Every structure is written in structure tokens, then in C-alpha cells.
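Quick notes on the structure that follows.
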Amino acid sequence: MPTPTRAAVTAPTSSHEETMSAQDDAQLQDASEAGEAPQVENPLSVGLTFAVNEVPAQEARGQRLHRLRHSTAHIMAEAVVQLFPDAKVATGPAIEHGFYYDFDLPRSLTPDDLVEIERRMRKIIKRGWRFETVTVPWAEARQRFLAAGQDYKLEVLDRIAETQGEAAAVVSLYRQGHFVDLCAGPHIGSTRIAKHFKLLRTSGAYWRGDATRPMLQRVYGTAWETEAELEGYLHWLEEAKKRNHKKIGQELDFFTFHAWAPGAVFWSPRGYTVYQEFLTYWRQSHKRRGYKEIFNPVLYKKDLYEKSGHYTHYKDDMFILQADDTEYCLKPMNCPDTFLHFISRRRSFRELPLRLSEGGILHRNELTGALNGLFRVRQFTQDDAHIFVAEEQVQDEIAEILDIVRDVYALFELKYDFTLSTRPEKFMGDPAVWTEAEAGLRAALDRCVGVGSYRVADGDGAFYGPKIDIQVTDCLGRKWQCATIQLDFQQPINFDMKYTASDNSQKRPIVIHRAVFGSFERFFGILLEHTAGALPTWLSPVQAVVVPISDKVLDYASEVLRVLEARGIRAEVDNRNEKMNYKIRQAEVMKVPYMLVVGAREAETGVANVRTWQQGARGELPLAAIADEIAQVIADRRFDVVVEPLMDFADADSDAAAGDESDEY
RNA sequence: GCUGGCGUAGCUCAACUGGCAGAGCAGCUGAUUUGUAAUCAGCAGGUUGCGGGUUCAAGUCCCUCCGCCAGCACCA
């Protein structure tokens, strides 16, 4: 342990502590009471004169949180180095809701280690070490980290030299306590500010995010300006855990998995009912908009995928099997076979835009570690469609698709935003064609969404074309990739697609690939987490349950059931030999939207006592009125559940976290 | 695929450092005939993920494989 030149200092008064923020921090740095650097120096900083780290008095919350979290990462690194003097430190940025730091350690960390690291962090924080900084020539920094055996920092230094050129002549070091790090900042003034934190988990993480590089140990933590915020965030984590769709899926008997079909869903009757409701809605809404549905094979000779490029660009993700000395592929996407349909006969300009949808069963050989409930499966169905258009129809057609996106997401009251993904490293075709396609999507986005109101993700496009991705945000503030719109100039060439134009010339169509739900599986998973399993009535597997108070009224209960079923309502009678309270509890637990309690009184007057999942007991209503109401809610596909936003901690840090992490080390 | 953890009844979980696998819920049978979130009693339920090893003795320790979970990487 380092010996400080001066005893560490009295903490600020306790009443002040809870609300201490970066503003206080800025004032604190001037106070002589802040802990100074220890006498026994880290070899990295021998002979250097550090200056007090300047913290602006006023700063946006996002910036302050970023500063705090990045500093907490440094404090954690100090604690880890205390425990493992031979540790090599990698990088430790602030991220959304927290921070992490990557280490190369002699052994794996255990949960007990986390407790010990946290304990040491609290000691460091209590000491109130100042964060200090110094600028040194690049070459000197390299010497120092070389001598210290900090290989990863050497790589970071090399990267700085590569990417920043002249600007890399000098680099900055930061120090707190005994820990010295190559770092661009920013940091807080004193470790004392960083008290509202918690370490969350450890995991492996590839150095530089590169699967070919060594795997380091990453420790994740969260840090906030107040204890209340920290608790709010931890509560949010608990809520997210409770809403896990795998848990809800089991509790509500929607689906199961089996080890013998990893990554494939076994739909239970209740879950499959919901699944089919999605499909029915999808079919109805698309038929209205001029889509035609096709249904193609699932197994193809590899020739198809050689033509489409999947065999070259997507082979690792495909299930390939051998039969009759021939390679067959389970289809991973609907596009190639839809193209076979398109070229199955001559096409006229009069057919365009030709909107062909297919809810085919897709198989993708996802890596075992990627599988995750309904979110990531190996067999799934996309609400897919491919639209063949003439060049001049592209803009209008994309506008039309964006309109569908709006419709569908409005149905579930989901918020969403857009990302334009451009040409990836592994791409097919002529870069000039790509540029044209990207410009087309950009123009459509500018027109329909607004200039500058969408994100651009360079290099995230599909191998055959750029795309617009739509992310939905659930009530826990998490974002999910669902809808996608891809513009494809390449496959029409691969498949030599043509149509006869009005002047009798042969023209090449452009293909738009699009999905709105994305995959039904994933969308269902998202909806389950968003609603915690309380689905809107139109999707509920059982929309109403009749609760007879005793078996003396079973006949009347059957009569009520008939009335409901006559209106197409999915209803059941709970005729088990149980008390009413038990049946109501069961219905509540299973999140049945409507419960109709019937006893002797109701039987006499031809009514039912209505209770809904959302509103509780509502009192007696005539059967016809109840049936009318339920039937109407279903027909409207009304989103008759209340989903409160659950992010009850002030989360102003997302933007800061989305910043360039590569600048932090 | 990589790192770490986990795998006991349909579900949720027990079983101290190796020493007779147990409970609640669900299920079945019976009693009870109920007024807005769990009626009572009884019964039944297991080659402890698969395979191997160590040991007098393995749910427990070791190894292979499978699956799941949290991340990483990949992605709808």
C-alpha cells in the first residue's frame, strides 16, 4: 500500500455527501484537503510533476456522468492492480449506465473477487485521492509503459500514433492514488465523488473486440451521482430480470425449448395462438396494401445460393446437408427463392411494383453462444416481402413501407427510430452501384423522417445492399432491431431479372427487401418483455374466462361461454372444483384480460360480473354488452394494456455513452 | 465459437466439509359448494443433463460431451 505524504482528509459533512455532484467536485479540487499523491511512486510516474485535474464548474449531466464513470473505472483498475500486481490493464471506458475495465490477469475472477475489489475501491474513495494529470512526449510514454510491461497500453500508444499523426506528439497520463494510466480523460477531481457505484459482473471480452485476439477479463460496474439514482438503476435491473421473456414464456405456457433442438421454439397451444394472430394481422394488413403472398420450398441445392452469393458470403451461417452426392441448403433468407419466382416467367412494367411476401421458415446456423430465447434462434419466420420496382418507383415505395412501419408500431404503442447502414467490408458488386443505392435510401429518409433525424451506421449494410434499420424502444428503455428496409441493385443482376417496359425494351428492376416485425419470434419476445406478458386482448390466448362461483351455476356458465364464442371470442369456463378466489387468482396470474364471474344472482338476471386484468372488478353487465365490448376491442386490435415506462432513474447519459469509446483508454 | 458460471420431480428450490435425495406449487383421488388474487386431506411424482473416472461410499470430487445463463464476438 502506498504511503501518502499526508493523512487523508476529512470527508465533507455527511449531509452534503448524498447530493455531491460534479459541481461540488469542481470546487473541491481547489481545497487543500484533497488527498495528494502517495510518496511511494508508481514507476510509470517517477519524476513527473502532475497538475491538478481541472473540472468545469458547469457541465451537462451526460458529460458529468461520463466523467464520473470513467473515473470510477480508474478507481476499479487501481483496486484490481492492488490485488494483482502483475495485472496488465487494457482499456476502461464509460458506457451507457456505467463503465467497465478490461484486464489481463493471472487467473479468472470470481464473485468473491468482485466483493474484494469493491471493498478496496471504497477505501480508495474514502482516501479522497486527487485525480491529477500530466502531458508527456509520446516516446517517453512508450518507454515508461514498455518498462512497466503494459503491453496493451503500448498497442494503444501505437494506435494513437497511427490515427492521430502529429497530434500524437504528446499524450496525457492521469493519476489517482497509486494508479497511473495512459488516458485522455476526462476525470473528476477527487475519488471521493465516486461513492455511488456497484460492480455488476465479470465476463470475457476480446482485446480490441477482435475474436482473433486474446480474451481479457472485463469487470462491469455502474456509477451514479447520488445513492437514489444508483438504487433506481439497480431496481431497473431487477425489473428487467423479472420481465425476461423466457421466464414469462414458461409461466404463461407460451413456448418451450429442448436440448435436442437448440435454438428452435416449441410453440405451445397458447403461444401458437398469439403467433397465428400476428400472422393473421400481417396477412390482412399487407393484402390491403397490394401484397401477394407466396410459399416456396425450404430446401435448395447449393446452386441457388451460389447464384445469390450467400454460398460465398453467408455460408458459415447456413445449415448445409448432403444428399445424393449433392449439397443442399436450408434456406436462411427468403430473397433468393423469391427471385426464382420472379424470373419464372416474363414480367411486365404493368406488374410493378410487384410486392411479394413470404413467411417462410428460415434456418440460420447461429453460434451456440449467440442463442438467446426468442431473441436469437436458429429457426424462425420473418414477415418478409420483396418488392420489385422500376427505378422511378423506389422513393414512393420506401415511403409506403415507412408508412406500414408507422402503422404496425402504433398498434403496439412502441417508440422507434431509424438507422441508415452503409456498405460493409464484405460486399458484393460495384461500389458505384452501392453509392447510388445509399443515396436512394438517404433521400427517402430525408423526405419521410427528416434530414438529420436518423443515425448512420457505416459498414453495417447487408452484403448485397445498404439498408434502413428501425429500432424500437421498449418500456425499459432498451432498443431492439426489428424492421429493416434494404435496397438491392445487386441481386437483380445475379438473377438476370428483367421486365418489359412500356416501350417494349427489357429493363432491370430494383429489389426492395423489407420486414416490419423483423422475425415474429423476436418481436413476440420483445412484446413479452415490454408488456410483462399482459398482452392486449386481441393477442391473448384466452381472452375471457368465465368463473362460476359453484358448480350449481355450471349450466349458466356454459351459456355465457356460448355467447362469447358466438362472437369469436377465445373464452373458457373454469369449471374446476375450486373456490372463486382461486379461479380469479389463476386468471390474474395467467393475465387473462376479461374475467366473468357468475353465480346464482347473475344466472337469474342474465348478466355477468365483469373483472378485467387492467381495471379489476367492474360490476354487473348484460351478457350482450360484455360480448360487444370484447368483440370490439378485438376487432380494433386495441392496445388495451397500460405499459408504464420503467426507467425511473434519470438517464441523461445515453448520448455521452454513444460517443467514441476508442478515445478512452 | 471464446471467457466464466450453472444443470436435483412438470415449475421454484433444499440436501453442513463425500455418508439413506427432500419441500412448496402444479398433477391425481376424495371431502367441501364457495361472491372478486391460493379450502382441507390423502396419493403419486427421481438411474440428480449424458457418458466415463476416483472412492468402502458421489447430487457433492475429476474428465469428455450436451444444454442453459451472463458477457464477448456475430446478428432478425
Side-chain angles (χ1 to χ4, degrees), chain A residues 100 102 105 107-111 113-114 200-220 241 244 246-247 250-251 253 256-263 314 316-317 332-334 362 364-384 421 460 462 467 469-471 480-484 486 513 515-523 525-526 547-554 576-590 595-602 609-613 616-620:
Chain A
Y100 67 78
D102 287 345
L105 303 175
R107 65 168 175 84
S108 300
L109 292 171
T110 66
D113 290 323
L114 276 197
L200 298 175
R201 67 178 77 88
T202 61
S203 77
Y206 297 113
W207 168 234
R208 288 237 169 277
D210 182 344
T212 65
R213 306 297 304 272
M215 184 156 269
L216 306 174
Q217 295 196 65
R218 176 170 295 179
V219 182
Y220 283 97
K241 214 169 156 186
N244 185 308
K246 287 164 274 188
K247 190 167 170 277
Q250 185 184 62
E251 288 166 354
D253 192 18
T256 56
F257 290 92
H258 194 281
W260 288 351
Y314 206 72
D316 290 347
D317 292 284
M333 296 183 186
N334 292 309
L362 308 182
R364 295 185 187 173
N365 191 7
E366 301 289 347
L367 296 173
T368 52
L371 300 178
N372 179 12
L374 296 181
F375 288 160
R376 199 70 177 278
V377 289
R378 283 185 173 156
Q379 179 193 304
F380 62 104
T381 302
Q382 283 187 328
D383 64 321
D384 219 349
S421 298
D460 273 358
K467 57 183 182 174
D469 284 330
I470 294 109
Q471 293 84 29
W480 305 98
Q481 165 70 59
C482 290
T484 183
Q486 306 174 359
H513 307 238
V516 180
F517 288 104
S519 87
F520 288 115
E521 284 79 358
R522 171 177 290 183
F523 191 85
I526 293 166
V547 176
I549 283 177
S550 83
D551 57 14
K552 288 176 185 161
V553 284
L554 280 181
R576 290 176 296 182
N577 183 6
E578 295 288 352
K579 294 180 77 166
M580 175 200 66
N581 276 336
Y582 177 86
K583 296 176 184 179
I584 287 176
R585 183 182 152 76
Q586 290 303 306
E588 288 280 346
V589 166
M590 294 305 276
M595 288 154 267
L596 309 186
V597 177
V598 294
R601 285 206 311 264
E602 288 80 3
N609 222 306
V610 177
R611 179 189 172 101
T612 68
W613 195 85
R618 270 175 43 183
E620 290 184 0

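Reckoned from all heavy atoms, side chains included, excluding hydrogens, waters and symmetry mates. Protein chains get the first letters and strands the later ones, always in sequence-line order, with residue 1 at the start of each. Note that this is a predicted model, so its numbers are computed, not measured.
- B:A73 has no base stacking with the ring of A:Tyr206 when judged by centroids under 5.5 angstrom apart and an interplanar angle below 30°.
- At the heavy-atom level, A:Arg218 lies under 4.0 Å from the strands shown only through sugar-phosphate atoms.
- The CZ-P distance, from A:Arg201 to B:C6, rounds to 17 Å in whole Å.
- In this structure, the nucleotide among B:C74, B:A76, B:G35 sitting nearest to the side chain of A:Val377 is B:A76.
- Atom CH2 of A:Trp613 is separated from atom C1' of B:U36 by 16 Å (rounded to the nearest Å).
- For A:Lys552, there are no side-chain hydrogen bond (donor to acceptor under 3.5 Å, both in side chains) partners, not counting sequence neighbours.
- Side chain of A:Ser203, nearest nucleotide from B:U34, B:G71, B:G1: B:G71.
- Relative to the side chain of A:Met215, the nucleotides B:U39, B:U12, B:C2 differ in distance, and B:C2 lies closest.
- Comparing B:C74, B:U36, B:C68 by their nearest atom to the side chain of A:Arg376 picks out B:C74.
- One C1' atom belongs to B:C69, the other to B:G30, and the distance between them is 43 Å to the nearest Å.
- Regarding contacts with the backbone of B:U12, every side-chain N or O of A:Lys247 stays at 4.0 angstrom or more from both OP1 and OP2.
- By the 30° and 60° cut-offs, the orientation of the rings of A:Phe517 relative to A:Phe523 is perpendicular.
- Listed nucleotides: B:G71, B:C68, B:A26. Nearest to the side chain of A:Tyr582: B:A26.
- An OP1 or OP2 oxygen of B:G4 is reached within less than 4.0 angstrom by no side-chain nitrogen or oxygen of A:Thr202.
- Residues A:Leu374 and A:Phe257 have side chains in contact (heavy-atom distance under 4.5 Å, counting atoms from C-beta outward).
- Out of B:C72, B:U12, B:U36, the shortest distance to the side chain of A:Tyr220 is found at B:C72.
- No side-chain heavy atom of A:Met333 sits less than 4.5 Å from a side-chain heavy atom of A:His513.
- Looking at which nucleotide of RNA chain B each of A:Gly518 and A:Ala600 is closest to, the 5′-most match is held by A:Ala600.
- Taking 4.5 Å as the limit, some side-chain heavy atom of A:Thr368 sits within range of a side-chain heavy atom of A:Arg378.
- Spacing of C1' atoms, B:U47 relative to B:G5, comes out at 26 Å, to the nearest Å.
- Side-chain N/O atoms of A:Glu588 and base N/O atoms of B:A38 include no donor-acceptor pair closer than 3.5 Å.
- Taking atom CD of A:Glu602 as the reference point, atom C1' of B:G35 lies 8 Å away to the nearest angstrom.
- Comparing the same atom, P, in B:A44 and in B:G52 gives a spacing of 32 Å after rounding to whole Å.
- For the pair A:Met590 CE and B:C11 P, the computed distance is 15 Å after rounding to whole Å.
- We find that CZ of A:Phe257 is positioned 17 Å from C1' of B:G10, with the value rounded to whole Å.
- As judged by a 4.0 angstrom heavy-atom cut-off over every strand, A:Leu362 is placed among residues making no nucleic acid contact.
- In terms of polar N and O atoms assigned as donor or acceptor, the side chain of A:Asn609 comes within less than 3.5 Å of the base of B:U36 in a complementary pairing.
- With both ends at atom C1', the span from B:C25 to B:A14 equals 15 Å, rounded to whole Å.
- Considering only residues two or more places apart in sequence or on other chains, A:Arg576 meets the salt bridge (Lys or Arg N to Asp or Glu O under 4.0 Å) condition with A:Asp574.
- B:G49 sits 6 Å from B:U8 when the P atoms are compared, rounded to a whole Å.
- Atom-to-atom, CG of A:Leu371 to C1' of B:A76 comes out at 13 Å; the value is rounded to the nearest Å.
- Listed nucleotides B:U34, B:C74, B:A76 differ in distance to A:Ile549; the shortest reach to its side chain belongs to B:U34.
- Distance check on atom P: B:C61 versus B:C28 gives 38 Å, rounded to whole Å.
- One interatomic measurement links the two molecules: CG of A:Asn372 to C1' of B:A73, which rounds to 15 Å at whole-angstrom precision.
- You'll find that the side chain of A:Met580 is closest to B:G35, out of B:C69, B:U39, B:G35.
- At the heavy-atom level, A:Gly209 lies under 4.0 Å from the strands shown only through sugar-phosphate atoms.
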